[in-house]
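Would you mind keeping the following structure in view while I ask a few things?
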Amino acid sequence: MESRYNPTAIEAKWQQVWAQGSDQTPDDPQAGTPDKPKFYALSMFPYPSGNLHMGHVRNYTITDVIARVHRMQGDRVLHPMGWDAFGLPAENAAIDRGIHPSKWTYQNIEQMRSQLKRLGLSYDWSREVTTCSPDYYKWTQWLFLQFLQAGLAYQKESAVNWDPVDQTVLANEQVDNEGRSWRSGAKVERKLLRQWFLKITDYAEQLLHDLNKLNGWPERVRLMQANWIGKSVGAYLEFPVVGMAEKIGVFTTRPDTVYGVTYLVLAPEHHLTAQVTTPEQQAAVEVFVQEVSNQSELERTAEDKPKRGIPTGGKAINPFTGEEIPILIADYVLVEYGTGAVMGVPAHDARDFEFAKQKQLPIKAVIVPQPDTTVVELEAAYTDPGFLINSSPFDGMASTEAKTAIIQAAAEKGIGKARIQYRLRDWLISRQRYWGAPIPVIHCPACGTVPVPEADLPVRLPEDIAFCGRGPSPLAQLEAWLQTSCPVCGGPGKRETDTMDTFIDSSWYFLRYPDATNQRQVFDPAKTNDWMPVDQYVGGIEHAILHLLYSRFFTKVLRDRGLLNFDEPFQRLLTQGMVQNKTYKNPVTGKYFLATAIDPANPRDPQTGESLEVFYEKMSKSKSNGVDPESVLVKYGADTARMFILFKAPPEKDLEWDDADVEGQFRFLNRVWRLVAEFVAKGGNTRNFSQASISSNLAKPQKDLRRAIHTAIQKVTEDLQGEYQFNTAVSELMKLSNALSDAAQDSPVYAEGIQMLVLLLAPLAPHIAAELWHVLGNSASVHTQKWPTFDLAALVVDEITLVIQILGKTRGTIQVPATANREALEQYARESAVGQRYLTDKVVKKVIVVPGKLINFVIT
RNA sequence: GCGGACGUGGCGAAAUUGGCAGACGCGCUAGAUUUAGGUUCUAGUCUCUUCGGAGGUGAAGGUUCAAGUCCUUUCGUCCGCACCA
């Protein structure tokens with residue numbers, strides 16, 4: 001055995017062994033392991049940008065450790081990897097560098113796959129999926145047809161988010177709250193276009209309700225999704241308009257305040273705006289509507305912006321009071337939400353109050369008075385519950401009951417009903433780009449929009465295509481591809497030129513892994529139902545809404561289509577923190593600097609000498625603070641990189657990169673190496689080791705060592721399952737290694753310690769563990785070994801340290817026999833030096849004993 | 001504004017869920033070995049101290065024999081949503 005730890009050599013060696021598959025446990029029931037419990041461990045698959053970054057390394061290391069532990073614990077484990085390979089960067093590369101998106105993408109995949117292999121990740125590569133491959137997108141298209149058949153895919157002309165840089169539309173979820181594209185960062189414009197949508201709103205209630213089932217998800221993510229779905233319970237009420245047959249419908253969560261309605265407000269785009277406007281107001285209204293339509297959504301919804309609105313001159317009638325009330329239009333009312341019209345109750349709604357004050361609209365009677373106050377003039381809206389007044393016949397009713405009663409009254413009059421409203425909108429999925437799965441429909445002048453027959457799938461992307469700038473989609477310009485025949489009538493038809501949002505591809509990839517190479521079906525339901533749901537999903541928090549909500553939606557639709565027998569795709573979710581690094585920024589110029597160019601003791605701009613801001617920020621090229629995983633692999637190896645990432649911070653927290661700490665982990669692996677090397681050099685091996693060879697009557701040093709070993713087994717096992725505390729698992733291994741360093745080497749217990757150290761290290765640092773296991777004389781792989789269990793008897797102690805407290809303050813400790821009962825403990829404590837000192841001449845009022853831990857004397 | 005998370009040494013962090021605060025590591029200090037250096041080993045490292053102790057988990061109160069942990073108030077940081085009627 002080499003006396004020096006040489007990660008480069010041993011990692012290459014073992015990766016080659018693993019590539020030949022000789023070191024794998026079968027993970028498939030078809031491979032003869034149907035009785036084992038299944039475990040599906042999944043990392044969010046990457047976009048093949050070309051190089052792996054530290055965020056990937058962290059994500060995949062976490063999942064790999066979990067997968068490896070479960071394998072050693074005897075589960076059959078599915079741990080696959082694939083590529084989220086459609087998307088704009090490929091197309092942009094085509095435009096900028098003249099390389100075909102397909103070529104660019106597959107080159108990147110090649111490169112990233114080999115980088116992944118160098119991290120020692122235990123993927124089953126036979127299940128690799130690539131979303132841009134026709135083998136995959138054929139089924140993406142097939143799934144689209146399922147949605148179409150189910151009435152869940154439709155076309156609609158609508159005002160959509162248009163990204164002027166990438167020349168495509170975006171889903172609401174893909175626009176940040178500053179109105180910028182998640183990808184290009186460009187300010188999004190509003191445009192009226194005919195687009196494809198998926199009816200995710202049909203599943204709003206289920207998507208919300210089933211969040212309750214996701215106990216293994218972070219509360220934060222569940223709240224974010226609930227918020228996004230945005231359920232409101234209320235009523236739909238109709239207000240007659242003076243001189244018009246058509247009524248104005250509003251949605252309100254406060255039907256109990258209907259007697260206080262002072263006015264109605266329509267969104268400027270409301271379909272009745274023009275009709276309710278009187279001739280005197282017509283000119284002003286037209287100007288206002290024009291102004292509002294020129295505003296972006298961002299400007300319109302900007303924070304602290306005063307509400308703007310004008311009267312239309314029209315009048316409505318409050319159907320409960322019979323009063324005439326004015327109709328206004330205002331920019332704060334959104335046409336997309338509810339009915340695009342609201343009833344104004346200034347006394348009980350903060351926005352209405354603000355608007356009424358500003359427009360000097362009358363504030364009608366208070367309906368739900370604030371308890372214990374006599375209101376002379378309202379200073380703010382009162383929005384809490386209370387008891388109704390000014391609302392005969394509902395006076396005296398509690399506001400919650402009044403809601404139901406008034407809805408019922410409205411229903412009886414035929415002017416309203418209970419209604420539930422969601423913020424969630426349908427999912428806009430069409431994109432005017434090339435590098436995506438073509439939407440499989442044909443437009444026929446005679447038959448209309450016709451689905452491509454299943455037998456004709458996939459609708460292939462044409463290979464021979466010119467990318468000549470960021471104009472309209474290249475597909476729309478390729479006549480040969482565009483022109484086709486109608487599958488129904490056989491006449492001339494045109495292909496749909498829009499492709500699907502890449503989030504469609506990633507909404508079902510986890511269903512494909514269980515049956516990744518199926519040519520006849522999207523997947524065999526038996527296989528997918530066997531492996532699904534994913535037992536542990538790991539990925540970044542940035543997908544809290546988009547990907548995770550879409551995937552849940554797909555799962556529910558496919559369940560309703562009879563393809564799946566479960567409701568939720570991801571049992572447990574771990575959102576791992578970001579990998580951050582020290583960032584140097586000139587606060588004046590805004591320029592970032594590479595750490596290598598800066599003296600950390602005195603961070604100054606090398607050019608101007610100005611002092612720099614120093615802080616931790618997510619690694620990125622633009623911040624000049626990235627660390628290339630490649631450089632770490634070359635210098636220290638994958639095992640050190642893995643150990644550092646696991647040890648440095650708990651998985652869900654942000655992790656600060658630190659070269660000194662990486663060095664520290666390398667030192668630890670070196671210590672482990674030397675420990676084993678010395679043991680082997682003295683003729684030690686664990687080939688014939690058995691626990692039975694350990695005497696039950698050990699001398700104290702051996703007994704202490706054995707306790708340390710089995711405590712480590714217990715703690716590492718706890719930390720690596722359930723709550724996933726990899727950082728403390730690593731520190732337990734360090735403790736075990738420290739204990740072994742201090743112990744005498746010539747005992748069976750020492751051999752046990754070496755054996756356990758290597759076994760427990762195996763999921764975390766797979767290469768060094770494989771090598772050490774081998775040099776210890778074992779022929780089978782460490783990764784196919786059974787996970788060790790601790791011996792309860794070894795944890796038993798003869799003596800414990802008893803803490804002696806007086807009035808809750810620790811005054812000292814004594815060693816006492818572990819078997820001592822309460823009385824005995826009290827006696828030991830009283831007789832001890834500490835007891836003598838503090839208890840003599842004192843009256844003890846009470847004695848509290850925590851067995852095995854402490855004794856507390858309450859004295860006067 | 002609404003909702004959520006979090007505040008512990010010089011730094012990253014631990015703390016059997018109410019029972020010796022600071023495990024483990026980084027950094028630092030001193031020493032030893034080797035030395036051209038990286039390395040390796042040993043000891044120390046919350047603060048104050050009259051060496052008996054005393055204080056200490058953002059701050060202030062409270063509950064308790066006992067609080068980093070529970071409750072109230074408050075300050076600060078971060079994240080999500082934000083005219084959703």
Side-chain angles (χ1 to χ4, degrees), chain A residues 4 177 218-228 230-232 234-235 250-254 257 264-265 267 300-307 330-334 336-345 348-352 354-355 421-425 541 544-545 616 643-644 647-650 652-668 670-671 674 711 714-715 718 725 727-738 741 801-813 837 844-859:
Chain A
R4 277 180 63 92
N177 54 5
E219 187 60 17
R220 179 155 80 122
V221 176
R222 295 200 289 179
L223 281 165
M224 279 165 74
Q225 290 210 356
N227 216 319
W228 187 263
K231 180 180 183 176
S232 292
V250 302
F251 172 70
T252 179
T253 54
R254 295 297 306 274
T257 64
L264 294 186
V265 192
R300 195 165 155 184
T301 61
E303 192 180 353
D304 300 334
K305 194 181 76 67
K307 299 172 177 23
D331 61 354
Y332 75 94
V333 178
L334 309 172
E336 324 78 278
Y337 184 77
T339 63
V342 301
M343 61 183 215
V345 188
H348 300 296
D349 183 280
R351 291 155 306 186
D352 294 346
E354 183 198 330
F355 188 63
Q421 186 69 43
Y422 299 91
R423 262 187 36 157
L424 185 70
R425 320 269 168 83
I541 186 72
I545 294 171
Y616 278 88
M643 292 293 282
F644 163 77
F647 178 66
K648 180 69 180 177
E652 63 287 339
K653 274 193 76 169
D654 289 346
L655 176 156
E656 292 173 2
W657 190 265
D658 182 345
D659 289 329
D661 280 325
V662 178
E663 197 85 48
Q665 282 307 314
F666 187 61
R667 276 204 292 268
F668 171 60
N670 271 290
R671 270 200 293 277
R674 278 197 305 274
T711 303
Q714 184 188 27
K715 293 211 158 174
E718 272 170 21
Q725 295 173 299
N727 53 334
T728 47
V730 174
S731 74
E732 284 305 323
L733 290 177
M734 289 172 166
K735 282 189 210 173
L736 176 56
S737 140
N738 290 344
S741 296
T801 304
L802 184 73
V803 174
I804 301 175
Q805 293 187 341
I806 310 293
L807 281 169
K809 285 197 186 300
T810 300
R811 294 300 178 182
T813 60
R837 183 156 151 209
V844 176
K845 281 204 324 201
K846 198 172 167 191
V847 180
I848 290 129
V849 178
V850 182
K853 268 202 186 85
L854 93 162
I855 185 162
N856 186 11
F857 293 94
V858 185
I859 59 174

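Proteins come first, then strands; the chains are lettered A, B, ... in the order of their sequence lines, and each starts at number 1. None of the values given here were measured: they were computed from a predicted structure.
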Side-chain heavy-atom pair A:Lys853, A:Val803 within 4.5 angstrom cut-off: no
Any side-chain heavy atom of A:Lys648 sitting closer than 4.5 Å to one from A:Val662?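 With C-beta onward as the side chain, the pair stays apart.
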Side-chain donor-acceptor distances from residues 730-737 of chain A under 3.5 Å, at least two apart:
from	atom 1	to	atom 2	distance (Å)
A:Ser731	OG	A:Thr728	O	3.0
A:Glu732	OE2	A:Lys735	NZ	3.3

Taking atom C1' in both B:rC46 and B:rG22, what distance in whole Å separates the two? 8 Å
With a 4.5 Å limit on heavy-atom distance, are the side chains of A:Asp352 and A:Tyr332 in contact? yes
Indicate, with yes or no, if the rings of A:Tyr616 and A:Trp657 have centres closer together than 6.0 Å.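 A:Tyr616 vs A:Trp657: aromatic centres not under 6.0 Å.
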Could you run down nucleotides 33-52 of chain B 5' to 3' and tag each one B, S or - for protein heavy-atom contact under 4.0 Å? -------SS----------S
Gap between atoms NZ and P, on A:Lys809 and B:rA66 respectively (whole Å): 10 Å
Residues in side chain to side chain contact (heavy atoms under 4.5 Å, CB included) with A:Asp654, at least two apart? A:Met578, A:Gln580
Table of protein N/O atoms under 3.5 Å from nucleotides 17-20 of chain B N/O atoms:
from	atom 1	to	atom 2	distance (Å)
B:rG19	N2	A:Gln805	OE1	3.3

Roughly how far, to the nearest 0.5 Å, is the CZ atom of A:Phe668 from the CE atom of A:Met643?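 Here the rounded value is 5.0 Å.
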Please state how far atom NZ in A:Lys715 lies from atom P in B:rA14, giving the value in whole angstrom units.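 Checked: the NZ to P distance equals 13 Å.
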Apply the syn/anti split at 90° from 0 to B:rG55 and say which one it is.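 Anti for B:rG55; the angle lies over 90° from 0.
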Enumerate the protein-to-nucleotides 8-13 of chain B contacts in which both atoms are nitrogen or oxygen and the separation is below 3.5 Å.
from	atom 1	to	atom 2	distance (Å)
B:rG12	O2'	A:Lys648	O	2.6
B:rA13	OP1	A:Lys653	NZ	3.1
B:rA13	O3'	A:Asn727	ND2	3.4

Syn or anti for B:rU74? Use the chi torsion, O4'-C1'-N9-C4 for purines and O4'-C1'-N1-C2 for pyrimidines, with syn inside 90° of 0. anti
With rounding to the closest Å, how many angstrom separate the P atoms on B:rU39 and B:rG18?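 So the two P atoms sit 44 Å from each other.
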Taking only side-chain N and O atoms of A:Arg811, does any of them lie within less than 4.0 angstrom of OP1 or OP2 on B:rA54? yes
Quick one: does any side-chain atom of A:Asn856 pair with a main-chain N or O of A:Gly808 as donor and acceptor, under 3.5 Å? yes
Would you mind reading off the distance between A:Arg220 atom CZ and B:rA5 atom P, rounded to a whole angstrom? 11 Å
Using atom types as modelled and distance alone, determine if a side-chain donor or acceptor of A:Asp349 lies under 3.5 Å from a backbone N or O of A:Val345. no
Inter-nucleotide P distance (B:rA43, B:rC24), Å rounded: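 One P to the other, the span is 13 Å.
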To the nearest Å, how far apart are A:Lys845 NZ and B:rU64 P? 12 Å
Quick check on B:rG58: syn or anti? Syn means the glycosidic torsion is within 90 degrees of zero.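 Anti conformation for B:rG58.
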OP1 or OP2 of B:rA85 versus the side-chain N and O atoms of A:Tyr337: is any pair under 4.0 Å? yes
For atom C1', what is the distance between B:rG9 and B:rU72, given to the nearest Å? 29 Å
Please work out if A:Asn738 contacts a base, only the sugar-phosphate, or nothing of the nucleic acid, heavy-atom cut-off 4.0 Å. sugar-phosphate
With a 4.5 Å heavy-atom cut-off, do A:Thr810 and A:Ile804 have their side chains touching?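 No. Closest side-chain heavy atoms not under 4.5 Å.
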Axial cation check for A:Phe355 ring with A:Lys307, 6.0 Å and 45° limits: no
Gap between atoms CD and C1', on A:Gln225 and B:rG4 respectively (whole Å): 15 Å
Roughly, in whole Å, what's the span from CD in A:Glu354 to P in B:rA85?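 That distance rounds to 17 Å.
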Consecutive-pair stems (at least three Watson-Crick or G-U pairs, under 3.5 Å) that include RNA chain B: B:1-7 with B:75-81, B:10-12 with B:24-26, B:27-32 with B:40-45, B:46-48 with B:53-55, B:58-62 with B:70-74
How many Å lie between CG on A:Leu223 and P on B:rC6, as a whole number?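 In whole Å, B:rC6 P and A:Leu223 CG are 13 Å from each other.
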Write down the distance separating the P atoms in B:rC79 and B:rU29, rounded off to the nearest Å.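 Comparing P positions in B:rC79 and B:rU29 gives a spacing of 36 Å.
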Whole-angstrom distance between B:rC6 and B:rG55, as gauged at atom P: 30 Å
Which nucleotide in the list B:rG25, B:rC81, B:rC26 gets nearest to the side chain of A:Asn227?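 Taking heavy atoms from C-beta onward, the closest nucleotide is B:rC81.
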Once you round it to whole Å, what is the distance between P of B:rA15 and CD of A:Glu718? 11 Å
When rounded to the nearest Å, what value does the distance between C1' atoms of B:rA85 and B:rC71 take?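 Result for the C1' pair: 37 Å, nearest Å.
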Whichever of A:Arg254 and A:Ile806 has its nearest RNA chain B nucleotide further upstream toward 5':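 With A:Arg254 and A:Ile806 compared, the 5'-side residue is A:Ile806.
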With respect to the side chain of A:Ser731, which nucleotide from B:rC83, B:rC24, B:rC65 is positioned closest? B:rC24
Do A:Ile855 and A:Ile848 have side chains that approach each other closer than 4.5 Å (heavy atoms only, starting at C-beta)? no
When the C1' atoms of B:rG19 and B:rU64 are compared, how many Å lie between them, rounded to an integer?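 It comes out at 12 Å once rounded to the nearest Å.
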Taking the side chain as every heavy atom from C-beta outward, state whether A:Ser232 and A:Tyr422 have any pair of such atoms under 4.5 Å apart.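 No, side chains not in contact.
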Student check: side-chain heavy atoms of A:Val342 and A:Leu264 closer than 4.5 Å: no
Are the side chains of A:Leu655 and A:Phe644 in contact, using a 4.5 Å heavy-atom criterion? yes
Would you tell me if any nitrogen or oxygen in the side chain of A:Arg423 comes within less than 4.0 Å of OP1 or OP2 on B:rA82?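 Checking B:rA82 against A:Arg423, a side-chain N or O does come within under 4.0 Å of OP1 or OP2.
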Go nucleotide by nucleotide along RNA chain B from the 5' end; which of A:Glu732 and A:Met224 gets its closest nucleotide reached first?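 Result: A:Glu732.
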Examine distances only and state if a side-chain atom of A:Gln225 and a backbone atom of A:Ala544 form a donor-acceptor pair shorter than 3.5 Å. yes
